[in-house]
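Read the structure below first, then the notes.
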Amino acid sequence: MTGGRFGIGVEEELVRGTRGMTGIALGVAAGLAFGVGGVFVKPLLEQGWSPGAAVLARISIAAVILAVPGILALRGDLRPLWRARWTVLLFGLIAVAGVQFFFYASLERIPVSLTLLIEYLAPIALVLLAWVRGRRMPRRIVLAGSALALAGLVLVIGPGGGRLDPLGLAFAALAMLGVCVYYVVGETSAAQLPPLALIAAGFLVGAVALALLGLAGLLPMTFVFDDVAFLGGSAPWYVPLLAVGLVSTAFAYTAGLAAIGRLGSRLAAFLGLSEVVFAGIAGWVLLGEVLGPLQILGGVLILAGIVCVKLERPATTAHGSAEPAPGARIDAVELGAEPMPITASLTLPSDADDGRAA
């Protein structure tokens, strides 16, 4: 009997380890895909596209790309979408449209770098939320990882200058909460819907919401249908749009939600910070934007923070079985069910457009 339990335990550990490695690979792939989004979108912005127009276009393209895979994931039965309608609305309106709207609303009042810095605090906000809900202090290694990641963000993005408009700060905080919702919904929605179906439906809801905001004049929409400078050459306007829609939106969200399902919201959120590092590298390699020593150091600190959170060990019960880490999961009932963590061209604050937001 003991040997049987031991065998089952080893098998469970192997399965858990395989899922964990797969989750990390998917999280890194999502971070890379989000990170290059700024490279794809920047030529459009320089050509005269408004950020809102670029976001609407990329989300609409991703919704079209994922429509058939989403229906296939449901096996042609759309009834689960109706049963999970509140989850879909929460994801589409808050984690997709809400993040974009509040991000750009914040940009009108506070510096881009400060908006990004606040929005990227989502992983730390999840740790604090778990602390408050569970009334148990996170393990020291998680706190250390949070501190390292925060220091790295400050170095890579910079706090920015300018006046601290209270409403602008509030908008940035709301965008950050939207990123948190992305991670929480991504972790808790698997029992209701396949991730592909959730993303496809959420993009459709988000695109409609953003279009309505544009029609109402709350989100400026400017489209320019001319050729753009792209990766050292010239390309039609739709080429970078297709690239950002396919790679940095459809694939990035799909890989990101798959990583959340395997790793949980906490670790996946910290792993999502890798997109900050990838954004800087992409800007350096593809756009010739120089990375300074402080930005490189910041990237190292972010990676160190991710490693610290990954090294957290689950607690064990009196019977020797593993328990989830305190607050590692957040009950779906709490939030009715994430970032779109976010990426940027980080060398110059004026060019630091959110990879998910632009």
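Side-chain atoms are counted along with the backbone in the values below, which use heavy atoms only and exclude waters and symmetry mates.
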Is a side-chain donor or acceptor of [X] paired with a backbone partner of [Y] at a separation under 3.5 angstrom?
X: Arg262; Y: Gly27; value: no
X: Ser189; Y: Gln192; value: no
X: Ser248; Y: Ala33; value: yes
X: Trp237; Y: Asp226; value: no

Distance-minimising heavy-atom pair for [X] and [Y]:
X: Ala53; Y: Thr222; result: CB-O, 3.3 Å
X: Leu81; Y: Ala197; result: CD2-O, 4.2 Å
X: Ala200; Y: Leu66; result: CB-O, 3.5 Å
X: Gly186; Y: Ile260; result: C-CG2, 3.5 Å
X: Leu263; Y: Ala268; result: CB-N, 4.3 Å
X: Ala207; Y: Leu56; result: O-CD1, 3.4 Å

Taking the side chain as everything from C-beta on, heavy atoms only, tell me whether [X] gets closer than 4.5 Å to [Y].
X: Val96; Y: Val205; value: no
X: Trp49; Y: Leu241; value: yes
X: Ile65; Y: Phe251; value: no
X: Leu198; Y: Val88; value: yes
X: Ile61; Y: Thr249; value: no
X: Leu213; Y: Leu210; value: yes

How many angstroms lie between [atom1] in [X] and [atom2] in [Y], if you round to the nearest 0.5 Å?
X: Leu26; Y: Met21; atom1: CG; atom2: CE; answer: 11.5 Å
X: Leu174; Y: Cys180; atom1: CG; atom2: SG; answer: 11.0 Å
X: Leu267; Y: Ile24; atom1: CG; atom2: CD1; answer: 6.0 Å
X: Leu128; Y: Leu121; atom1: CG; atom2: CG; answer: 9.5 Å
X: Ile302; Y: Leu297; atom1: CD1; atom2: CG; answer: 10.0 Å

Inset, instruction - Using the six-membered ring wherever Trp is involved, compare the ring planes of Phe230 and Phe40 and label them parallel, tilted or perpendicular (cut-offs 30° and 60°). - result: tilted
Among the clusters formed by ILVMFWY side chains lying less than 4.5 Å apart, do [X] and [Y] turn up in the same one?
X: Val55; Y: Leu45; answer: yes
X: Leu90; Y: Val208; answer: no
X: Val68; Y: Leu257; answer: no
X: Phe270; Y: Val28; answer: yes
X: Met221; Y: Phe225; answer: yes

Legend entry - With Asp77 via side chain to side chain donor-acceptor pair (under 3.5 Å) - residues at least two apart: Arg79
Legend entry - Non-neighbouring partners of Ala73 that pass side-chain contact (heavy atoms from CB on, under 4.5 Å), sequence neighbours left out: Pro194, Leu196
Inset, instruction - Under the side-chain contact (heavy atoms from CB on, under 4.5 Å) rule, collect the residues that match up with Ala172, sequence neighbours excluded. - result: Ser106, Ile110, Thr115, Ile118
Legend entry - Phe223 CZ: over 12 foreign heavy atoms closer than 6.0 Å: yes
